[in-house]
Structure formats: C-alpha cells, structure tokens
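A short worksheet on the structure shown next.
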Amino acid sequence: MATVVMEQIGRLFINAQQLRQIPQLLESAFPTLPCTVKADDVPWVFREPHIIGGYRQPDHSWRYYFLTLFQRHNEALNVWTHLLAAFIILVKCQELSETVDFLRDPHAQPLFIVLLSAFTYLSCSALAHLLNAKSELSHYTFYFLDYVGVAIYQYGSALAHFYYAIEEGWHARVRGIFLPAAAFLAWFSCFGCCYGKYASPRLPKFAHKLFQVVPSGLAYCLDISPVLHRIYSCHQQERGCSNQAVAYHRYQIEATRIDYIERRPLYEHLHGNLAHDAVALFVFTACCSALTAFYVRKRVQVQMREKEE
C-alpha cells in the first residue's frame with residue numbers, strides 16, 4: 001500500500017514539473033517579439049495619417065511578421081477583423097453546401113462566386129495588413145494584392161445582385177451592359193488603386209485619393225443599383241414592402257441565399273444560360289486585375305532600383 005502511494009506521489013511530482021515547464025515551452029515556441037516603434041522610426045512609406053505609434057520595424061524575418069498576429073500593433077485590429085470575417089464566410093459556405101449543389105446547378109454558381117470573392121478579398125486584405133511591414137517592396141506587393149481582392153469582390157457582388165436581386169424593369173434596361181461594365185469598373189478600380197499607391201510620392205494627396213476613390217465609387221454605384229431599384233420598387237407598393245430578402249440586403253449574403261431559393265422562376269426566366277458566361281467573365285476580371293497589379297509592381301521595382309542608383 002505504501003509503495004502504491006509513493007508511486008502516485010511521484011507521478012504528481014512529475015506532472016507538476018511538466019506544468020512548470022509549459023511557460024518555457026511557450027516562450028521557446030513564441031519568442032519575445034521586438035517592441036513596436038513610433039512613426040518617426042520607420043520609413044515614410046509605412047506611415048499612416050494620424051497613427052503616431054504601434055509600427056513594426058521592417059527587415060525582420062517572415063516568421064516575425066506572422067507571429068505579430070499575436071502582438072498589439074497598428075494593424076492588429078485590421079488583421080483580426082478580416083480574418084474573423086473570412087472564417088465566417090467559410091462557415092456560411094459550409095452551411096450552404098449542405099443544401100445547395102454548387103457543382104451541378106448552374107444557377108448556384110453566382111452564389112458560389114460571391115462567397116469565393118468575399119473570402120478572397122478578406123484573405124488578401126488580412127495578408128496585406130499582416131505582412132506589408134516586411135520591406136518597401138513587400139508593402140507595395142501586398143497592398144496591390146489587396147486591391148486585386150477588392151476588384152474580385154466588386155465583380156462578385158455585382159454578379160450576385162444582377163443575377164438574384166434584380167427586378168424585370170431594371171434588367172430590361174441594363175441586361176446587355178451590366179456585367180461587362182461591372183467587370184471593367186472592377187478592373188479599373190484595381191488599376192486606380194495600384195497606380196495611386198505607386199505614384200503617391202509624386203502626386204498631391206487629393207490626386208492620390210482621386211485615383212483610389214473615384215473608380216471604386218463608380219463600381220459601387222453600378223454594383224448596388226439592382227438592390228436600390230428593388231428596394232425602391234418594393235416600397236412603392238400600396239401594401240408596403242414585406243419582402244424578407246429586401247430587409248436582409250443590408251447584410252448581403254443572407255439576402256442572396258433567400259433570393260436564390262425564393263426567386264428561382266424569375267432568374268431562370270431572365271438569365272437562361274448566362275451563368276457560365278458570368279463565371280468566365282469573373283475569371284477574366286481576376287486575371288486582368290492580377291496582371292495589372294503585377295505590372296505596377298514591376299514599375300515599383302524599377303523605381304526602387306533607380307533610387308538606389
């Protein structure tokens with residue numbers, strides 16, 4: 001009996017010793033990260049208006065910047081809000097895949113596109129905010145990637161609104177031009193943001209913002225027009241607007257799911273076999289935006305090389 005008791009005490013002692021080693025193990029896995037610095041301590045390209053501290057120093061290892069996911073700094077809130085939103089999109093996609101056949105139902109493809117584009121945009125933005133401080137070239141590269149994600153999401157949203165939310169009256173007016181215009185404005189938004197970022201040292205501040213805000217604003221106005229027309233038409237009815245999806249359009253994706261289920265006869269009649277062409281245009285828009293970002297990144301490299309020389 002005494003031997004058994006001693007064995008139990010020995011095991012407890014070993015477990016206690018192991019517990020004491022946990023902080024050391026965590027410290028070795030997550031070493032102490034360098035402190036953040038003030039705006040004056042980093043090159044101008046990393047500085048943000050009205051943000052005076054919390055900057056991460058450049059020229060550390062990639063591991064350091066990934067570990068700053070768990071550090072407080074000036075980009076931490078942006079990183080985590082985009083990551084959590086991307087996770088919610090994945091959960092929503094998993095829920096919808098249980099009832100929606102994304103592969104065999106061509107009319108479900110625009111719904112998949114808007115989910116994919118939202119996840120792409122949020123993931124690219126999270127990477128941009130997490131890794132842009134590595135170097136000047138990384139700063140431009142990851143923000144250009146962010147702009148590609150924005151362009152992809154703009155077209156995905158436009159497609160979902162045009163395919164599921166549009167009313168027959170607005171469809172008759174814009175059916176031949178809506179998706180090509182949405183694709184062009186999505187690319188134009190990417191180009192404007194990339195060029196504005198690239199040329200910002202040589203541009204007045206208002207011109208820099210002009211390149212970034214105007215194309216995105218035009219794209220948003222077109223993308224949201226089917227929803228605005230539908231809300232307006234719904235509230236013009238004598239009995240008032242009682243459509244559930246109209247109220248949910250404040251949250252986007254849930255309204256799109258409801259429209260996909262409840263408005264199938266309408267969008268099948270309006271669009272026919274349009275889904276395949278819309279998906280092809282999505283791929284084309286994404287490729288054009290990525291190539292544009294790649295080209296402007298090459299211009300940044302040339303500019304940096306000339307500056308060094």
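Computed from a prediction, not measured in an experiment: that's the story for all the values here.
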**Request:** Could you check Phe66 against Trp62 for ring-ring contact (aromatic ring centres under 6.0 Å, His included), going step by step and ending with a plain yes or no?
**Result:** CA-CA 6 Å; Phe66 278 106; Trp62 286 109; 7.0 Å; no

**Request:** Examine the side chains of Ser138 and Ser135 and answer whether a donor and an acceptor come within less than 3.5 Å of each other.
**Result:**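 On atom types as modelled, these side chains qualify, holding a pair under 3.5 Å.
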
**His107-Tyr163 side chain donor-acceptor pair, cut-off 3.5 Å** =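 Tyr163 and His107 do have a side-chain donor-acceptor pair below 3.5 Å.
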
Does a side-chain heavy-atom distance below 4.5 Å link [X] with [Y]?
| X | Y | result |
| --- | --- | --- |
| Lys298 | Gln303 | no |
| His82 | His129 | yes |
| His269 | Glu168 | yes |
| Leu291 | Tyr295 | no |
| Phe112 | Leu103 | no |
| Leu130 | Leu69 | yes |
| Leu179 | Leu274 | yes |
| Leu159 | Tyr155 | yes |

Lys/Arg-Asp/Glu bridge criterion (N-O < 4.0 Å) met for [X], [Y]:
| X | Y | value |
| --- | --- | --- |
| Glu254 | Lys92 | yes |
| Glu136 | Lys307 | yes |
| Asp41 | Lys38 | no |
| Arg257 | Glu95 | no |

**Request:** Using the rule that two of Ile, Leu, Val, Met, Phe, Trp, Tyr join whenever any of their side-chain heavy atoms come within less than 4.5 Å, decide whether Trp44 and Tyr55 are in one cluster.
**Result:**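 Looking at the clustering, Tyr55 is in the same group as Trp44.
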
**Arg72 to Phe70, cation-pi by 6.0 Å centre distance and 45° axis angle** =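 Negative - Arg72 is either too far from the ring of Phe70 or too far off its axis.
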
**Asked** Is it true that the NZ or CZ of Lys197 lies under 6.0 Å from the centre of Tyr143's six-membered ring and within 45 degrees of the ring axis?
**Response**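 Relative to the ring axis of Tyr143, which defines the angle, Lys197 lies inside both limits.
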
Could you label the plane-to-plane angle of the [X] and [Y] rings as parallel, tilted or perpendicular, counting under 30° as parallel and over 60° as perpendicular?
| X | Y | result |
| --- | --- | --- |
| His271 | His171 | perpendicular |
| Tyr153 | Tyr121 | parallel |
| Tyr140 | Phe144 | tilted |
| Phe184 | Trp187 | tilted |
| Phe178 | Phe162 | parallel |

In Å and rounded to the nearest 0.5 Å, what is the [atom1] to [atom2] distance from [X] to [Y]?
| X | Y | atom1 | atom2 | answer |
| --- | --- | --- | --- | --- |
| Arg263 | Leu270 | CZ | CG | 8.0 Å |
| Ser117 | Leu115 | OG | CG | 7.5 Å |
| Cys193 | Asp146 | SG | CG | 8.5 Å |
| Leu218 | Phe188 | CG | CZ | 7.5 Å |

**Request:** May I ask you to check whether over 12 heavy atoms, not counting those of Ile52, lie within 6.0 Å of atom CD1?
**Result:**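 For Ile52, atom CD1 is not crowded (no more than 12 foreign heavy atoms under 6.0 Å).
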
**Message:** Taking atom CZ as the centre, does Phe102 end up with more than 12 heavy-atom neighbours from other residues, nucleotides or ligands that are less than 6.0 angstrom away?
**Reply:**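 Check passes, neighbour count above 12.
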
**Request:** Please report the C-alpha distance between Tyr64 and Asp59 in whole Å, then the side-chain angles of each, then the deciding distance to 0.1 Å, and finally whether the side chain to side chain donor-acceptor pair (under 3.5 Å) criterion is met.
**Result:** CA-CA 10 Å; Tyr64 160 72; Asp59 302 322; over 6 Å; no

**Request:** Would you check, one step at a time, whether the test side chain to side chain donor-acceptor pair (under 3.5 Å) holds for Thr36 with His73?
**Result:** CA-CA 7 Å; Thr36 58; His73 52 81; over 6 Å; no

**Prompt:** How far apart are the C-alpha atoms of Arg56 and Phe46, what are their side-chain angles, what is the distance that settles it, and do they pass the side-chain contact (heavy atoms from CB on, under 4.5 Å) test?
**Reply:** CA-CA 9 Å; Arg56 295 164 294 169; Phe46 300 109; over 6 Å; no

**Stepwise side-chain contact (heavy atoms from CB on, under 4.5 Å) check, Tyr267 with Arg264** = CA-CA 5 Å; Tyr267 61 72; Arg264 191 177 189 96; 3.5 Å; yes

